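Convention: sequence-line order gives letters A, B, ...; per-chain numbering from 1. Since we're looking at a predicted model, the values are computed, not measured.
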Amino acid sequence: MMTYIVFILSVIFVVSFVGFSSKPSPIYGGLVLIVSGGVGCGIIMNFGGSFLGLMVFLIYLGGMLVVFGYTTAMATEQYPEVWVSNTTVMGVFLLGLLMEVMLVLYVLKSEEVGVVFKFSGVGDWAIYDIGDSGVFSEEIMGVAALYSYGAWVVIVTGWSLFVGVLVILEVTRGD
Amino acid sequence: MNPLIFTTILMTVLLGTMIVMMSSHWLMIWIGFEMNLLAIIPILMKKYNPRTMEASTKYFLTQATASMLLMMAIIINLMHSGQWTITKVFNPTASIIMTSALAMKLGLTPFHFWVPEVTQGISLTSGLILLTWQKLAPMSILYQISPSINLNILLTMAVLSILVGGWGGLNQTQLRKIMAYSSIAHMGWMTAVLVYNPTLTMLNMLIYIMMTLTMFMLFIHSSSTTTLSLSHTWNKTPLTTTLILITLLSMGGLPPLSGFMPKWMIIQELTKNNSIILPTLMAIMALLNLYFYMRLTYSTSLTMFPSTNNMKMKWQFETKRITLLPPLIVMSSLLLPLTPMLSILD
């Protein structure tokens, strides 16, 4: 099972993406977003990017998604839409699920069954090596460099986030 | 809007464009575009009614899509060249995607559909910022990647823009839509000469910004957004009527006004590069532009538009003071003899 862990995680990843792309109510979308975020972290960690995966867990899931969850809980409606409540939503979800099942079958059984359409291999999508020297991790050095050589980036992104908050408040304030 | 917040947001729009123009790292350029887009949304929505909200939503959606395409082109460029500096784009796919993204930001055909709708839905001052300042950032990036732009795509988009800008403006009576179609056509002229001589693109941008600023300020001065209300300016401020005439003819590209300078230089540069049919077509299609400017001058300055009798005796309320209007008017009409000075733009 462990040799196929990335494959299984990627299947769960795609299914949760289909789950929120079929547009149920935001609360349920946030739920599968958490699942897909966690599973995505698992995929990255399996390829050796432990720092990046932990960052996504901490900042994305633990920071942004929590805020999203709270604001959605404030603005939710009385009968939120689930995947089975609306024909359209269920239809899109089942369609996405069907496509994923077809893809899984293609990957698993491409020797036994004659396949018409072949992918041309990994090619340019191969993962580049993280370039670990083995002594220190490059990613942590990157964070340190962000605050020394990359001070301008910190200033610009910090200002953008601040102005983002101002803009959102201004837009939702109305008259 | 709270004046402090309004100033902050306006300064952020300026900062965004400055970051785009002075960065050498592709990621910073993208951040600059996003900062610009984010900060201009509340400016577009200054008056709070459904039309402005719809216009700013449309603007946000199209510009965000263009930023995403730009990011994809940046990443493809990174994959094939391994570095983040702007010199030229090393991969033809990335170059095509980047040109399309910047064309979406500028409002070139076939991505021009948002320009009239967004310009119509917002106030005159916001429309002014939209049509002049927001064109600076994408044009500066096009200038920097101009050696590696695919000529066929850019010229096709440019010529189609001139056609659409001229043809689409023919049936309009709303002034903001007329200015939007005029912007589409001028962007077409600017990008047509980009690959041949980018200095002329900058010259055209300069003269276009001056003329558009002048036109918008004249509209703000007489508070008119339709042809009908513009035709009453002879009663409010007769001097403005004459100035509208001169500025509109300059926008149409008539000598001896300064609007002729960029068109003349562009046609000369194109013919130097052995393309004769193209500038002929462009000049003929610019006539469509001239036609609807002339129609505006006809109803405004040259004839008295039919109106009820009490419109002919308007009470003069306090007129708005528009700063910088006289110098702008002078610059947008009398700059033609200074053409030899355009070598300073290099």
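The structure places OG of A:Ser160 at 8.0 Å from CG of B:Leu15, a figure rounded to the nearest 0.5 Å.
Within a 6.0 Å sphere centred on NZ of A:Lys23, other residues, nucleotides and ligands contribute 12 heavy atoms or fewer. Within a 6.0 Å sphere centred on CE of A:Met99, other residues, nucleotides and ligands contribute 12 heavy atoms or fewer. Heavy-atom contacts from other residues, nucleotides or ligands closer than 6.0 Å to CZ of B:Phe90 number more than 12. When the shell of 6.0 Å around CE of B:Met72 is examined, it contains 12 or fewer heavy atoms from other residues, nucleotides or ligands. Under a cut-off of 6.0 angstrom, the local environment of CZ in A:Phe51 is crowded, with over 12 non-hydrogen atoms contributed by other residues, nucleotides or ligands.
Neither the backbone nor the side chain of B:Ile43 comes within contact range of chain A, judged by heavy atoms closer than 4.5 Å. With a 4.5 angstrom heavy-atom cutoff, B:Leu27 does not touch chain A via any of its atoms. Only the backbone of B:Asn2 comes within less than 4.5 Å of a heavy atom in chain A; its side chain stays farther off. Of the atoms belonging to B:Leu38, heavy atoms from both backbone and side chain fall under 4.5 Å from chain A.
By the 4.5 Å heavy-atom criterion applied to side chains, A:Glu170 and B:Phe6 are not counted as neighbours. Put simply, the side chain of A:Val156 reaches to within 4.5 Å of the side chain of B:Met35, judged on heavy atoms. Two residues are said to be in side-chain contact when any heavy atoms from C-beta on lie closer than 4.5 Å; A:Trp159 and B:Ile19 fail this criterion.
Smallest separation of non-hydrogen atoms from B:Ala39 and A:Val167: CA-CG2, 4.1 Å.
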